[in-house]
Number of protein chains: 2
Amino acid sequence: MGRWEPDARGRMIRAAMDLFAERGFEPTTAGDVAARAGVTERTFFRHFADKREVLFDGAGVMERTAHDAILAAPADSSPLDAALAGMVAAGGLLADQRDHAVRRSRIVAANPGLQERELLKLAALADTTTGALRARGVAEPADALAAHSAVTVFRVAFARWIEGEEPRDFAACVADAAAALRALT
Amino acid sequence: MGRWEPDARGRMIRAAMDLFAERGFEPTTAGDVAARAGVTERTFFRHFADKREVLFDGAGVMERTAHDAILAAPADSSPLDAALAGMVAAGGLLADQRDHAVRRSRIVAANPGLQERELLKLAALADTTTGALRARGVAEPADALAAHSAVTVFRVAFARWIEGEEPRDFAACVADAAAALRALT
DNA sequence: CTGGTTGTGTCAGTGACTGACATCGACAGT
DNA sequence: ACTGTCGATGTCAGTCACTGACACAACCAG
């Protein structure tokens with residue numbers, strides 16, 4: 001209708017982060033988020049499949065980044081090493097947004113429904129990783145096992161990267177977690 | 001009000017399995033399930049936190065079983081072996097219900113929302129496993145890494161156990177998947 | 001037979017989400 | 001400049017998941 005303001009999607013994402021952080025996820029209605037972003041509830045649901053999805057906008061990019069990095073890994077890398085290279089690349093996208101990542105994971109940690117969605121995104125990352133390993137010639141079920149192991153390392157590394165005060169190198173966190181994984185015998 | 005019929009919970013679970021298998025999960029309303037079970041929608045939601053939960057009734061028992069089995073594992077077992085013992089014990093609960101498990105996983109596989117819930121249950125199993133390993137003296141982050149690795153093995157083993165025609169031994173499936181995991185280097 | 005407890009039905013209400021339809025601005029093609 | 005299509009949005013009505021408040025029936029303990 002009236003004048004069309006650009007970046008509605010970005011405004012909704014920022015509005016959602018602010019409101020969810022202030023009041024919490026459940027008490028905030030989709031209409032609240034839309035209103036703060038200057039759009040209607042209907043527009044919100046045209047951009048995001050559901051209320052939770054507004055917090056997971058970058059998931060697709062991370063998947064593609066991991067996929068490409070795995071295919072670009074040295075040919076003599078082991079499946080696990082190749083998958084871990086994908087995790088490092090995916091995590092690299094967050095390097096200059098640590099504050100945003102911290103804020104986001106606090107919101108997610110406070111709500112079971114959001115954790116559920118996060119698990120789905122991680123599962124999608126694992127599936128993409130599995131596919132990339134397959135393209136490198138890794139057979140079943142080693143592809144899936146290496147992929148899920150890499151994603152588990154990613155989760156541990158991410159948790160370590162976020163906690164504490166002074167920022168650490170994400171790749172180093174991945175290396176540490178991977179070493180701990182290999183030490184399991 | 002009227003006469004009270006026993007096992008309402010069991011009837012709702014069976015009704016849900018039947019209806020979800022016939023029409024699918026989304027098109028079936030909570031009221032449909034309740035009606036087939038001979039109760040009202042309100043009663044359905046008194047027994048299950050939400051519409052999805054009706055398919056995950058056994059999750060809590062599996063968690064407790066895994067927990068106990070991990071604590072009962074030989075003292076000289078490695079963390080990963082102890083965690084795997086928990087997975088074998090948890091999977092053992094399904095031994096005499098393979099048909100039910102197959103039916104259920106078909107329903108879950110057909111709906112993203114249900115997969116999401118399944119991931120949450122598996123994450124809860126991983127958390128319980130982490131806690132049990134901690135009680136055995138396993139330190140961070142090895143506890144979480146071993147727990148998630150074991151749950152990943154569980155998933156692969158379960159998939160193998162369900163596919164194909166003639167039923168295989170679940171413990172053997174776990175052993176195979178665990179061997180593949182260790183072969184990752 | 002009295003009171004508490006448990007499991008249920010009824011009813012009203014909120015919020016997530018969807019489909020159908022109209023509108024507005026931009027951007028061709030003529 | 002005229003017109004038609006296209007993309008993003010607003011409006012409206014409707015379904016369904018889920019919840020709180022209240023009442024009722026069976027049961028059990030005293």
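Chain letters run A, B, ... following the sequence lines, proteins first, then strands; residues in each count from 1.
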**Request:** Give me the other members of the hydrophobic cluster that B/I70 sits in, counting Ile, Leu, Val, Met, Phe, Trp and Tyr linked by side-chain heavy atoms under 4.5 Å, directly or via other members.
**Result:**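 So far as hydrophobic clustering goes, B/I70 is joined with B/L133, B/V138.
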
**Prompt:** Is any side-chain N or O of B/H47 closer than 4.0 Å to OP1 or OP2 of C/dG7?
**Reply:**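 So the side-chain polar atoms of B/H47 never come under 4.0 Å of the phosphate oxygens OP1 or OP2 of C/dG7.
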
**Request:** Look at A/T43 and D/dG10 and indicate whether a side-chain polar atom (N or O) is within less than 4.0 Å of OP1 or OP2.
**Result:**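 For D/dG10, OP1 or OP2 has a side-chain N or O of A/T43 closer than 4.0 Å.
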
**Message:** Would A/K51 and A/F44 count as a cation-pi pair here, with the cationic atom under 6.0 angstrom from the ring centre and within 45° of the axis?
**Reply:** no

**Asked** Quick one: do A/D50 and A/R117 make a salt bridge, cutoff under 4.0 Å?
**Response**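 Here A/D50 pairs with A/R117 in a salt bridge, since their nearest N and O are under 4.0 Å apart.
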
**Prompt:** What distance do A/F154 atom CZ and A/L84 atom CG have between them, rounded to the nearest 0.5 Å?
**Reply:**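 Nearest 0.5 Å value for the CZ-CG distance: 11.5 Å.
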
**Prompt:** For A/R9 and D/dG7, what is the distance between atoms CZ and P respectively, to the nearest whole Å?
**Reply:** 17 Å

For nucleotides 16-20 of chain C, list the nitrogen or oxygen atoms of the protein found under 3.5 Å from its nitrogen or oxygen atoms, one pair per line.
{"from": "C/dA16", "atom 1": "OP1", "to": "A/A30", "atom 2": "N", "distance (Å)": "3.4"}
{"from": "C/dA16", "atom 1": "OP1", "to": "A/K51", "atom 2": "NZ", "distance (Å)": "3.2"}
{"from": "C/dA16", "atom 1": "OP2", "to": "A/A30", "atom 2": "N", "distance (Å)": "3.4"}
{"from": "C/dC17", "atom 1": "OP2", "to": "A/K51", "atom 2": "N", "distance (Å)": "2.6"}
{"from": "C/dG19", "atom 1": "N7", "to": "A/R42", "atom 2": "NH2", "distance (Å)": "2.9"}
{"from": "C/dG19", "atom 1": "O6", "to": "A/R42", "atom 2": "NE", "distance (Å)": "2.7"}

**Item:** Residues A/D127 and A/T130: side-chain donor-acceptor under 3.5 angstrom
**Value:** no

